[in-house]
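Written out below as structure tokens is the structure these notes cover.
Predicted model, so just to flag it, every value in this text is computed and none were measured. All ligand and atom numbering here is 1-based and tracks the order in the structure.
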Amino acid sequence: MPAYRSKTSTHGRNMAGARALWRATGMTDGDFGKPIIAIANSFTQFVPGHVHLKDMGQLVAREIEAAGGVAKEFNTIAVDDGIAMGHAGMLYSLPSRELIADSVEYMVNAHCADALICISNCDKITPGMLMASLRLNIPTIFVSGGPMEAGKAVIQGKTLHLDLVDAMVAAVDPQFTDAETLSMERSACPTCGSCSGMFTANSMNCLVEALGLGLPGNGSLLATHADRKRLFLEAGRLIVALAKSHYERDDMSVLPRSIASFKAFENAVALDIAMGGSTNTVLHLLAAAHEAGVDFTMKDIDRMSRKVPHLCKVAPSIQTYHMEDVHRAGGIMSILGELNRAGLLHSDLPTIHSPSMGQALEHWDVTLTHDEKVKTFYRAAPGGVPSQTAFSQDRRYPDLDIDRVGGCIRDKAHAYSQDGGLAVLYGNIAEDGCIVKTAGVDESILKFNGRARIFESQDDAVEGILADKIVAGDVVIIRYEGPKGGPGMQEMLYPTSYLKSKGLGKACALLTDGRFSGGTSGLSIGHASPEAAEGGAIGLIEEGDIIEIDIPNRSINLKVTWEELSHRRALMEEKGAKAWQPESRNRIVSAALRAYAAMTTSAAKGAVRDVSQVERR
Ligand SMILES: CC[C@H](C)C(=O)C(=O)O
Ligand SMILES: [Mg+2]
């Protein structure tokens, strides 16, 4: 039977000093011997998804103590991608995922905590904490801060449901006046919570439900709704039970690696494809699987993308639905229910809250449940009042959206497409693959041939698009922006948004070894691996080359002969130390970011750290 990890520093005469310090943190005689539960919070005033979390750690802590545990809270950093976007700040976004994962590892292992509550929310915080939980493999429950309410505004006589992407696009769209753009800016992000579309934050918090490491409603229940308080309280009570089950009854089934198994990753990817999740989820799921020791790869994602239908379209893929609408339709458990009915879900897998996902669906799928409290739970509605306060309203929709034919969530027979919302493409430009969110691609350009227009930084691409240098039929290539090449694999939300602003969203493609925010839609293909900085063929594309994109056949190719490509590679290698670098880019890269670049890997591996690259031989 495993002994409590915390005994390392709380038991034995030799630990009198450590106990003296534990006492100074508030522990008393009766606390020694109880499970010590670490609470990884992520409060910060820099991020709307985290501004309301300041007291959430202690809310959970009181429940942990009432349930017989000892709670110790600490905080991680949290980067706001939307604020960091479009300038050098975005170089820090993906690297912050590693810092968050390491900081949770450091605090949990330095103090020998027995179990973990992860209070996350935005883009890199949930994945960073997920990586840590699978690395540490101690009982863990995720409870996120919850989605933001969608903005509402009347613009040019129409009531629009808005999010920050709409404000970004409008800012350079001449059809909107300055006053209209200001009105959209003021309305797009009305409350605390993670931006209201199926962007990366909400995608990841939904995937945590599918993995079985979060409670039902974790991904879709609004940050402002009073019901969300129950998720925090339940997490506090449950984590003590899981810890006691593991350490006192030798129950291994409650550990994250027992729950997030290969089949659980298949469930998560099935949900991801069904809901058209952010392409960043691919990067983060690969990284999480790596930490869990699960051999789950891009090939598995490709395999699943060919059989999972697109059941739920959410902004930015569609203007009419945001996370509050997904919740009203039954949330993630109801999408999983449709996948289960389509035979595309492993329903026998355990979760932190139920012996099996199947049993959970019986209770939480709104089309199956007999529990009126569940139906009331999913009628939680936006308050419609600007607020940075958690649980500040308790409005409810008059009814649920259970229209599986034409509603927010579809059944398989009425799917938006039988071919899911994500796809992996392979070809001579991306031998290890690249990713496209097909949920956001207009059907007219699923097959696209175009002229390459080369940029070796996001900034230059933005400048070229805004200067009208890009025209219909072009394929914008942005390279040397991968994990190593950037470094930090920037999100390309500005160039993809500006292509839309210029009316080119259905007339151009964009390919990068960087990545995309979940706010990106259009023929935007990212994660090209290997990246240019690692000798990937994206580094050999020349201005005017023809690029052939074929999503139905999952291919992307540079239309030059193999001999020509080999010749170009030889010429590149002749550059020696200057090979595989941007021609002329004066980007200042700090030592902290150079350290990240030295150890990271291409997107096809999840941009995980590989310390063997720097270890002395
Ligand atoms: C909409 C942009 C969002 C903040 C983001 O960065 C993502 O979804 O990845
Ligand atoms: Mg992001």
Any luck finding a side-chain donor-acceptor pair between [X] and [Y] under 3.5 Å?
{"X": "Ser203", "Y": "Ser278", "result": "no"}
{"X": "Thr191", "Y": "Glu149", "result": "no"}
{"X": "Lys152", "Y": "Thr159", "result": "no"}
{"X": "Ser444", "Y": "Asp442", "result": "yes"}

Problem - Gly518 N/O under 3.5 Å from ligand 1 N/O - result: yes
Among all protein heavy atoms in this structure, tell me which lies nearest to [atom], with the distance rounded to 0.1 Å.
{"atom": "atom 1 (C) of ligand 1", "answer": "Leu164 CD2, 3.2 Å"}
{"atom": "atom 5 (C) of ligand 1", "answer": "Asp123 OD2, 2.9 Å"}
{"atom": "atom 3 (C) of ligand 1", "answer": "Ser517 OG, 3.8 Å"}
{"atom": "atom 4 (C) of ligand 1", "answer": "Gly82 N, 3.8 Å"}

Heavy-atom contacts with [X] under 4.0 Å: which atoms of ligand 1 show up? List them by number with element.
{"X": "Asn280", "value": "9 (O)"}
{"X": "Met85", "value": "6 (O)"}
{"X": "Val165", "value": "1 (C)"}
{"X": "Asp81", "value": "6 (O)"}
{"X": "Leu493", "value": "2 (C)"}
{"X": "Thr200", "value": "7 (C), 8 (O), 9 (O)"}

Problem - Check: His310 main-chain N/O paired with Arg410 side-chain donor or acceptor under 3.5 Å - result: no
Do NZ/NE/NH1/NH2 and the carboxylate oxygens of [X] and [Y] come within less than 4.0 Å?
{"X": "Arg135", "Y": "Glu105", "value": "yes"}
{"X": "Asp419", "Y": "Arg554", "value": "yes"}
{"X": "Asp300", "Y": "Arg303", "value": "yes"}
{"X": "Lys124", "Y": "Glu491", "value": "yes"}

Handout entry: Centroid separation His327 to Tyr378 less than 6.0 Å
Key = yes
Handout entry: Leu207 CG to Asn202 CG distance, which is reported to the nearest 0.5 Å
Key = 10.5 Å
Completion exercise
At under 4.0 Å between heavy atoms, what of Asp163 touches ligand 1? The answer is neither
Practice task
Taking 2.8 Å as the upper limit, name the protein N, O or S atoms near the Mg ion (ligand 2).
Solution key: Asp81 OD2, Asp123 OD2, Glu491 OE1, Glu491 OE2
Fill in the blank from the handout: Residues passing the side-chain contact (heavy atoms from CB on, under 4.5 Å) test with Asp432, sequence neighbours excluded, are Ser529, Pro530, Ala604
